[in-house]
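Some notes on the structure that comes next.
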Amino acid sequence: MDVKKRISELREEIRYHDRKYYVENNPVISDYEYDQLMEELKKLESEHPEYVTPDSPTQRVSGQPVEGFSSVKHKIPMLSLDNTYSSKELLDFDKRMKKFLGGEKPDYAVELKIDGVGVALIYENGVLVRGATRGDGSTGDDITSNIRTIKSIPLKLDIANETKPLANCEVRGEVYMTRKGFEALNKEKAKKGEPLFANPRNAAAGSLRQLDPKVVSKRNLDVFLYTLSYTKEGGYKTHMECLEAMKKAGLKVNPNINKFSNIEDVIKYCDSWENKKETLDYETDGMVIKVESLEQQKRLGSTIKNPRWAVAYKFPPKQVTTKITDIVIQVGRTGALTPVAVLEPVELSGSTISRATLHNEDEIKRKDIRVGDTVFIEKAGEVIPEVIKPVKEKRTGKEKIFIMPKKCPVCNSDVVRPEDEAVSRCIGLSCPAQLKNSLHHFASRHAMNIDGLGPAIIDQLVDKKIVRDISDLYILKIDVLANLERMGEKSAQNLLDEINESKKNEFSRLLFGLGIRYVGRHIAKLLSENFSSIDEIMHAEKEKIEKIEGIGGIVAESIILFFRDEKNREIIEKLGKNGVSMESKVEKKGLLSGKRFVFTGILEKYSRAEAEGIVESLGGSFTSSVSENVDFVVAGKDPGSKYEKAKKLGIAIISEEEFDKLVHES
Ligand SMILES: [Zn+2]
């Protein structure tokens, strides 16, 4: 075997696959097959060290850690680009170009501005000989050994006829880290307890500054090359031609580059990337617009600081700072209370922002946002702007800590926040903020089943303040309904009939229709089987509700809170007055079926719980307060005020003995 020839073949093959994999993102062999080739090459090279050359694929990570980087002078100064921030500035740029070119209309090449670290690579005879940072523009750091570890940078170019001028050239580009690579790196750093990088650009810059190429080789750095800045022998006429040649030679060029013949299309293209850029796996902070013709570029020349023929278009910032003047509460359709920051108006992404969401109480606490704080706000896509964080350095000590209100700012009902939830909610049945939603749910098929009460009708009823809470449905008049839009006499009558019909519904439907949090159809059914009326549930102890199989503590708590609310009780009372059935029609078979008891005083034979258990086992029910709905008051020793009240109301009062007899009848 001709070892030298085999080594050369292997290198060519590996180079080809490196290009397919790292540059074109289109591998044609498996990792295993690739590793086999690499192993064979390594073996041959170790047996024949005399054949090892710096451009061999085995030599990417070579050399020892260095003390520091040496400075190198750039062949041609690496100027920075002039920035523009609006379409107007781009129009001005276009005017300048035309004026300078004596009325010629230049074509423009437009490309993404990659947010990375600028580098200049020098190839001699097709072999990478130097990689340097931009530095101050005229002098940079020689980071060749680090650059060599980046697998998408070829150590040797494919030089053919069309790419001949590239044999001796300088190309420039941006070394970057993908978002994915950045996250993985930070995760690893976090695990080791090391400080994290702030963003992918910092991570890329920090990695390139590493003194040990072995460390750099593990950092998943990548590159996009965007300019052929120098060739020993010329040969290309336009920027796009240069890029094409660079691609052919195996250099990685960003695919999102387009040529336009007028500035309007350039602006459109720039705008199109403003949101689309988030879909890329690397960060961009704008676009670069270049005059296409190299001859025109030459005529345009440079100022001391910037080339005249190119300009950067920066995407509008996503974040700005402003001051929170107040935090107000918004009540959503489902009763969720959302704290909203009232801001000193500020321009962001082309609109004036005066409010931003704070999501919920925990978010405010976590970010430590206070009224009076200067804060960063951000707008991502089309969503409502969000408060990111306070600038604590700007605090004066007069900032106020936010406290979630205990009452709904819209309806003054109780606000509750279940322990395991982040969201606080208004539980008010009559809450105007939720009324449309409540009505919709109340009328739904599995609730009160009022089919004719659709969204369009609900909107009108609520907006015209005809219905202020669900009980108002039951006092609707035919002429009022018939006067609504898209409503005739006949459909008004139909709706009214449906509403009337719903009064007779089994009360589990009503329970479900009230929209008590966690009370779905199933729980409503369970409740209706275990209680004989809404009134009974309203007065039940939490323990009793909890005891029902299938109902847990959280649900019971939610039911208790709902019925504790004064306004909710008012509405339920009104529903009853308006004729809605509040009683269970589920027949409870038993001796005491339908009978309701109140116990007062001390019982001798039974404990209170035992007595209550007996009543329930016989189909009766008990409650703790005396009202007209009570059938028997069982008076033990030393009865309290309930005894007096029962007497006043003329309710049957029986002794424990009589109770005992009653339950043992038959
Ligand atoms: Zn409310």
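Just so you know, ligand 1 is whichever comes first in the structure, and atom 1 is the first atom listed for that ligand.
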Quick check: Y85 with F315 (ring centres under 6.0 Å apart)?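 Not close enough - the centres of the two rings lie 6.0 Å or further apart.
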
With a 6.0 Å cut-off on ring centres, are H441 and F512 close enough?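 Yes, ring centres under 6.0 Å apart.
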
Under 2.8 Å from the Zn ion (ligand 1), how many protein N, O or S atoms can be found?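 My tally for this metal is 4.
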
[X] and [Y] ion-paired at < 4.0 Å:
X: K367; Y: E386; value: yes
X: D362; Y: R417; value: yes
X: K406; Y: D414; value: no

Which residue pairs pass the ring pair (Phe, Tyr, Trp, His ring centres under 6.0 Å) test when at least one of the two sits in residues 613-642, sequence neighbours left out?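 Those involving residues 613-642 are F597-F632.
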
